[in-house]
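Single-structure report; data block below.
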2 protein chains.
Amino acid sequence: MAGRRGQATRQKLLDCLGKMLSTSPYRDVRVIDVARKAGTSPATFYQYFPDVEAAVLELAEVTLRESASLSELVAGRSWTGKAGRQTAEELVDGVLAFWRRHDAILRVVDLAASEGDRRFVRIRTRIQGAVVKPLAETIDGLQARGRGSGGGISSAALAGSLVTMLAAVSAQPKSLQSLGAKQTDLKPALTTLVHLGVTGRKPAA
Amino acid sequence: MAGRRGQATRQKLLDCLGKMLSTSPYRDVRVIDVARKAGTSPATFYQYFPDVEAAVLELAEVTLRESASLSELVAGRSWTGKAGRQTAEELVDGVLAFWRRHDAILRVVDLAASEGDRRFVRIRTRIQGAVVKPLAETIDGLQARGRGSGGGISSAALAGSLVTMLAAVSAQPKSLQSLGAKQTDLKPALTTLVHLGVTGRKPAA
DNA sequence: CGATAAGCTGACGGCATGACAGGACATGTA
DNA sequence: TACATGTCCTGTCATGCCGTCAGCTTATCG
């Protein structure tokens, strides 16, 4: 229930909010700044969103929609031999790239989810699920054939932990760098850990 | 440069801020609320801290000091056989317990660090370092003896990724649970992943 | 008890929030 | 072009928090 012009204004507000989240601390993002940046007034903002949080939620839903493509990083891939190593590499690259691209919104989603907001928990769950679910199925398949990282280990817990690791590492490269993990070292390490976690074996040379 | 009474007031403000961080969204924590809860006035708060962020930074430094004890989870442990499995278990338990106990402050530290605030990056780096540094040395030792998860893999990157994983998992149990990873399944999975990452082998039965 | 300093607060200008009513604009009709 | 209509935007206002100052209260010491 909004005309063409209204949609455009609304979208412009969302875009500007997204940019502000990349440049200023979440705590300091003010409705008045978003409105000014969009060339409109605070009153207009409140016409479309009850508060900043609601607009952030909408941005998060856009990111959620885009996350669907992450499933392709896992679906129908081989985990044996050199192909297995490549699968792990591409998975790491793909997840890292996605998380870095949506850096700003994802850290706010993370915060709100950690604070217990169920709407954001749900969104984060579904974003991670785009990778975790197919990955868990892959692990199940490997375990059924007697392979995999461990007999009685839950595939969902393994997949979830690995994806969580990738997301967290991409969200905080600086701390790891200060601890001696160079940017260049990180991807091989993550690739190894993912391959180990999924297959129980070190990746092929 | 503060007397006995001043110190007490200051500490009371910090305590109340800590409690508020556990109960309300960080974005909504107001100076006036903290002051009221501490039975004092906003003006008093500003006498001790330039703003909320500065007070949070101080809370983070307390957590940093406590994190020193985390090193004991790694120092002088064995990673072979059943003892190795136990080492991994206790490491997982210890890190998870620490992160859960300091849940509220750590999620704010994480946010501020992700937003690029160097003071918070530094604190997070040092907290993680309490585990990452000794763990990286352990991995180095194992690699020197021809063991470990992979030849050319950076020990710092491995240790950093593993610890980051533990921290991130403990910060967001709900999403993983919704994805089918029961609370009970999580620790074994993490233990396996840590053991695999450090030694390159599955933990002993 | 009186003096000095430390600690606390009431009060104020400034700014953001969130709601409303009325003005501005695009679109369709003649 | 003139006009009618519904959508969209904004000026304005009450409210509440921020951050600061002058001045008051409380502790400490001679």
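In what follows, chains carry the letters A, B, and so on, assigned in the order in which the sequence lines appear, proteins first and then strands, with residues in each chain numbered from 1.
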Interatomic distance, [X] [atom1] vs [N] [atom2] [rounded to whole Å]:
X: A:Ile32; N: C:dT17; atom1: CD1; atom2: C1'; answer: 9 Å
X: A:Phe49; N: D:dC9; atom1: CZ; atom2: P; answer: 12 Å
X: B:Gln47; N: D:dT25; atom1: CD; atom2: P; answer: 17 Å
X: B:Leu13; N: C:dG7; atom1: CG; atom2: P; answer: 13 Å
X: A:Phe45; N: C:dA19; atom1: CZ; atom2: C1'; answer: 15 Å
X: B:Asp33; N: D:dG16; atom1: CG; atom2: C1'; answer: 11 Å
X: A:Arg36; N: C:dT17; atom1: CZ; atom2: P; answer: 10 Å
X: A:Arg5; N: D:dT7; atom1: CZ; atom2: C1'; answer: 7 Å

Main-chain N/O of A:Leu196 paired with A:Thr199 side-chain donor or acceptor, under 3.5 Å: no
First of B:Val29 and A:Ser41 reached from the 5' end of DNA chain D, by closest nucleotide: A:Ser41
Donor-acceptor pair between B:Glu66 and B:His102 side chains, under 3.5 angstrom: yes
Side-chain H-bond candidate by donor/acceptor type, B:Gln7 with B:Gln11, under 3.5 Å: no
First encountered from the 5' end of DNA chain C, between A:Arg30 and A:Ala43: A:Arg30
Do the side-chain N or O atoms of [X] get closer than 4.0 angstrom to the phosphate oxygens (OP1, OP2) of [N]?
X: A:Thr44; N: D:dT10; result: yes
X: A:Arg4; N: C:dT27; result: yes
X: B:Tyr46; N: D:dG19; result: yes
X: B:Thr9; N: C:dC8; result: yes

Distance under 6.0 Å and angle within 45° of ring axis: A:Arg107 vs A:Tyr26: no
A:Glu90 with A:Arg77: basic N within carboxylate O range, under 4.0 Å: yes
Sugar-phosphate only, base, or nothing, as touched by B:Tyr48 at under 4.0 Å among non-hydrogen atoms: sugar-phosphate
